[in-house]
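To find a chain, count down the sequence lines: A is the first, B the second, and so on, and within it residues start at 1.
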Amino acid sequence: MNKRTEGNTQYVNNQFFTKELTAWNKRSNKRKMPWKGIDNPYFIWLSEIILQQTRVEQGTAYYNKFITKYPFIEDLAAADDEVVFKDWEGLGYYNRCRNMLATARRIADEFGGVFPNDYDTILSLKGVGPYTAAAIASFAFGLPYAVVDGNVIRVLSRFFGIEVGFEKAKDKKHYEAKAQDLLDKKKPAAFNQAIMDFGAKLCMPQNPLCNTCPLSKKCYALKNDRIAELPLKKKKLAIKNRYFHYLIIHAKKGIYIKKREEKDIWQGLYEFYLQEQKATPKLWSSAKKLDSEIQLLSHQKIHSTFYEIRANDIELDMSSYHLVNVKDLKNYAFPRSLVSFLERFDYI
DNA sequence: AAGACGGGGGT
DNA sequence: ACCCCAGTCTT
């Protein structure tokens with residue numbers, strides 16, 4: 001196939017893709033989400049931050065909580081870090097929460113509470129990368145920027161036969177250029193929403209609905225039996241085992257907890273007195289073992305064991321810890337595994 | 001360019 | 001077990 005024919009084929013496929021996608025969106029797309037179709041940039045930004053690497057089903061309740069509790073960006077900007085972290089508890093990727101607060105405050109202070117409406121300024125916001133900037137720019141302001149998220153990568157990779165991954169910057173750019181090329185510049189919001197809905201509801205990661213897919217006639221992956229292989233997966237990283245021994249130290253006024261400040265998992269969340277090591281800490285021979293559990297993170301396997309002891313029965317430096325009444329524990333944000341423990345033992 | 005960063009749900 | 005989710009930031 002010569003260069004010219006190849007270019008023409010691409011063009012025809014582009015037309016086919018956009019036409020069929022648009023038709024599918026009008027005819028069959030029943031997907032409903034609280035932020036769909038709105039143009040409040042603050043709400044859209046909120047939804048996008050919450051949904052980064054997070055399923056819609058998981059994020060929706062958090063979104064509803066945030067827009068109800070903080071209806072204006074100034075409300076969020078004025079809230080205490082501790083309270084917002086508690087609101088975010090269980091969502092994961094807690095740096096998102098920190099960046100969200102920083103951005104809310106920047107917009108309140110620097111922009112007088114008015115959300116910036118140009119792509120470059122939006123992209124400059126903490127926690128806002130290329131995907132989120134394009135989403136806000138298109139959904140809130142109708143600007144012609146194509147989103148490229150996991151759904152878009154999958155759809156483009158399969159339909160157009162893009163046999164490269166997307167971890168390399170150059171390859172990612174290839175997807176971005178393709179998406180931008182396909183984008184309906186007159187209706188960027190509708191196009192972006194449609195392609196993501198299409199990826200989520202029809203061209204899913206596993207067992208996509210090819211038999212009812214309006215794009216199947218010209219789909220590279222279907223034709224070449226590459227559905228399961230595309231998009232190319234990134235090589236999976238090794239899971240590191242970590243062993244956390246938590247000691248619940250009971251004093252008259254409550255138990256001791258401490259905020260995780262280190263550059264590590266769960267930064268900003270609270271935890272009990274911790275010793276991280278493989279074997280049971282020797283000094284704790286008089287402590288009572290309560291429970292143990294394993295929590296899987298994307299990159300670590302956390303083995304937690306919980307012990308309890310009375311403060312009088314052990315010598316430890318607790319100067320950097322907070323002594324918190326048990327009934328106030330519910331006000332502190334903990335990692336999911338600690339919340340689970342606290343629930344099992346009726347602390348919260 | 002490669003890692004770090006959560007938690008959950010589907011198969 | 002493995003996949004991967006409306007990704008971004010740091011090193």
Side-chain angles (χ1 to χ4, degrees), chain A residues 31 33-36 44-63 85 88-100 102-103 122-139 145-155 165-173 175-176 179 189 192-201 203-208 228-240 242 260 262-269 293-302 333-340:
Chain A
R31 197 179 196 200
M33 297 168 292
W35 50 85
K36 188 167 166 177
I44 290 169
W45 163 72
L46 218 39
S47 74
E48 296 301 343
I49 300 301
I50 288 172
L51 268 54
Q52 287 169 3
Q53 289 292 285
T54 303
R55 292 169 185 282
V56 166
E57 298 75 29
Q58 187 188 0
T60 300
Y62 287 86
Y63 171 80
F85 260 81
W88 191 275
E89 181 188 68
L91 245 193
Y93 286 139
Y94 296 90
N95 274 324
R96 288 185 295 171
C97 184
R98 190 184 338 284
N99 289 333
M100 175 182 75
T103 289
I122 295 170
L123 184 61
S124 79
L125 302 171
K126 276 190 182 173
V128 174
Y131 162 77
T132 304
I136 297 171
S138 63
F139 294 142
Y145 292 87
V147 294
V148 178
D149 72 335
N151 290 307
V152 175
I153 299 263
R154 186 170 58 255
V155 171
F166 50 97
E167 43 275 35
K168 293 197 174 110
K170 177 168 151 289
D171 295 340
K172 181 79 180 300
K173 282 210 189 319
Y175 282 99
E176 286 166 347
N192 280 339
Q193 189 62 61
I195 192 170
M196 288 194 285
D197 287 347
F198 184 84
K201 290 299 183 190
C203 193
M204 306 98 81
Q206 276 111 25
N207 308 319
E229 285 71 35
L230 295 177
L232 264 32
K233 336 283 185 221
K234 40 181 110 176
K235 53 175 184 281
K236 50 176 181 266
L237 33 77
I239 303 289
K240 184 173 148 195
R242 295 178 71 178
R260 287 179 68 90
E262 325 82 75
K263 208 167 178 47
D264 194 0
I265 55 171
W266 303 330
Q267 189 183 3
L269 302 191
E293 67 176 28
I294 291 173
Q295 184 185 16
L296 261 29
L297 309 185
S298 53
H299 51 301
Q300 297 183 14
K301 188 171 179 176
I302 310 296
F334 293 95
R336 196 66 194 81
S337 54
L338 298 203
V339 172
S340 160

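In the set C:dT10, B:dA4, B:dG7, B:dG7 carries the atom at the smallest distance from any side-chain atom of A:R336. Side chain of A:W266, nearest nucleotide from C:dA6, B:dG7, B:dC5: B:dG7. Closest contact between the side chain of A:D197 and the listed nucleotides C:dC9, C:dA6, C:dT10 involves C:dA6. Residue A:I265 places its side chain closer to B:dG6 than to any other of B:dG6, C:dG7, C:dT8. Ranking C:dT10, B:dC5, B:dG6 by closeness to the A:Q300 side chain, first place goes to B:dC5.
Residue contacts shown for A:M33 include a base, since a base heavy atom lies under 4.0 Å away. Among the protein residues, A:E89 comes within range of no part of the nucleic acid, since none of its heavy atoms lies under 4.0 Å from any strand. Within 4.0 Å (heavy atoms only), A:S47 reaches no atom of the nucleic acid at all. Nucleic acid contact class of A:A169 (heavy atoms, under 4.0 Å, all strands): sugar-phosphate only. Using a 4.0 Å heavy-atom criterion, one finds that A:Q295 contacts the sugar-phosphate atoms exclusively. Residue contacts shown for A:W35 include a base, since a base heavy atom lies under 4.0 Å away. When heavy atoms are screened at a 4.0 angstrom cut-off, A:I50 is found touching no nucleic acid atom at all.
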Check: protein-nucleotides 2-5 of chain C nitrogen or oxygen pairs below 3.5 Å:
residue : atom : partner : partner atom : Å
C:dC4   : O2   : A:R55   : NH2          : 3.0
C:dC5   : OP1  : A:R154  : NH1          : 3.0

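For B:dC5, one of the phosphate oxygens OP1 or OP2 lies less than 4.0 angstrom from a side-chain nitrogen or oxygen of A:H299.
Of all heavy-atom pairs between A:I239 and A:K301, the closest is CG2-N, 3.6 Å. When all heavy atoms of A:R31 and A:K201 are compared, the closest pair comes out as NE-CE, 3.8 Å.
Between A:E167 and A:Q267, the residue whose closest nucleotide on DNA chain B is further toward the 5' end is A:E167.
When only modelled atom types and interatomic distance are considered, A:Y131 and A:E48 share a side-chain donor-acceptor pair under 3.5 Å. The closest side-chain donor-acceptor pair between A:N151 and A:R154 falls under 3.5 angstrom.
In DNA chain B, runs of at least 3 consecutive Watson-Crick or G-U pairs, each pair with both distances below 3.5 Å, span B:1-5 with C:7-11, B:7-11 with C:1-5.
In this entry the distance linking CG of A:D264 with C1' of B:dC5 reads 10 Å, nearest Å.
Contact annotation: side chain of A:R31 to base of C:dA6, donor-acceptor pair present below 3.5 Å.
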